[in-house]
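Remarks on the structure that follows.
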Amino acid sequence: MSTHSPDSVIAPWLESVQPQTLWVIGETTPPVVTDYQIHSHNSVVTLKPQEIGANGQMPSAALIAHPLNTLDDLLLAGQLRNLLISDILCFVNRSIPADSLYALAFKRGDECQEKQNALLSFHYSLATYNHTRAWNNPKFWANPENWNKYWW
């Protein structure tokens, strides 16, 4: 995979997701998000990690602006995912095992370079989290055509 800047990963993500309300988790909002807000006129709210959940409004997407450096930082990604936010983008230090994010249903994206840090981007999408299986639907559930026919 080629090396990108975090902004070059955030910009196409914003264009594809087009969130009406975006939470940016971190101290500051990246310039690419500010530019997107100006052109799209969508709502962008910058929150500190402690402020998540205090805002009564749920976003359609979230961006974790600061890189996740420790396993404890992954709690933030899990907390956002558990709020049923439909799209989440985050950047992770290469020292964190990718399996930790795979366990939270994040998919690996591009490798990024920020100053001296090598980062990996990860994306979570609620729409692609659990694909529909042919056998797991009401048509075949519990074999209703066999009710009261057989004793197992």
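Here, residue 1 is the first one in the sequence, and each next residue gets the next number. Because the structure is predicted, anything quoted here is derived from the model rather than measured.
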Any [X] side-chain heavy atom under 4.5 Å of [Y] side chain:
X: Tyr102; Y: Lys107; value: no
X: Leu126; Y: Ile85; value: no
X: His123; Y: Arg108; value: no
X: Val92; Y: Pro67; value: no
X: Trp23; Y: Leu80; value: yes

In Å, rounded to the nearest 0.5 Å, how long is the span from [atom1] of [X] to [atom2] of [Y]?
X: Thr34; Y: His39; atom1: OG1; atom2: NE2; answer: 10.5 Å
X: Leu74; Y: Phe122; atom1: CG; atom2: CZ; answer: 9.5 Å
X: Glu27; Y: Leu47; atom1: CD; atom2: CG; answer: 11.0 Å
X: Asp73; Y: His66; atom1: CG; atom2: NE2; answer: 5.5 Å
X: Ser40; Y: Glu15; atom1: OG; atom2: CD; answer: 8.0 Å
X: Asp7; Y: Glu114; atom1: CG; atom2: CD; answer: 8.5 Å

Problem - With Asn69 via side chain to side chain donor-acceptor pair (under 3.5 Å) - residues at least two apart - result: Asn93
Practice task
Start with the C-alpha distance between Tyr124 and Leu101, add both sets of side-chain angles, then the distance that settles side chain to side chain contact (heavy atoms under 4.5 Å, CB included), and finish with yes or no.
Solution key: CA-CA 9 Å; Tyr124 170 79; Leu101 281 134; over 6 Å; no
Practice task
Check whether more than 12 heavy atoms from other residues, nucleotides or ligands sit under 6.0 Å from atom OH of Tyr129, and answer yes or no.
Solution key: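 Open: at most 12 neighbouring heavy atoms sit under 6.0 Å from OH of Tyr129.
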Handout entry: Taking every non-hydrogen atom, the tightest pair across Gln20 and Asn42
Key =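 Looking at all heavy atoms of both residues, the closest pair is O-CB, 3.5 Å.
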Practice task
Output the rest of the hydrophobic cluster of Leu14: all Ile, Leu, Val, Met, Phe, Trp and Tyr residues reachable through side-chain heavy-atom contacts under 4.5 Å, sorted by chain and number.
Solution key: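 In the cluster with Leu14 are Val9, Ile10, Trp13, Val17, Leu22, Val24, Val32, Val33, Tyr36, Val44, Leu63, Leu89, Phe91, Leu119.
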Exercise for the section: Establish, from distance only, whether the side-chain atoms of Thr29 and Thr46 form a donor-acceptor pair under 3.5 Å. Expected result: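 The criterion, which ignores hydrogens and geometry beyond distance, is satisfied for Thr46 and Thr29.
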Practice task
Check whether any side-chain N or O of Ser125 sits under 3.5 Å from a backbone N or O of Asp87 as a donor-acceptor pair, and report yes or no.
Solution key: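 Such a contact is absent between Ser125 side chain and Asp87 backbone.
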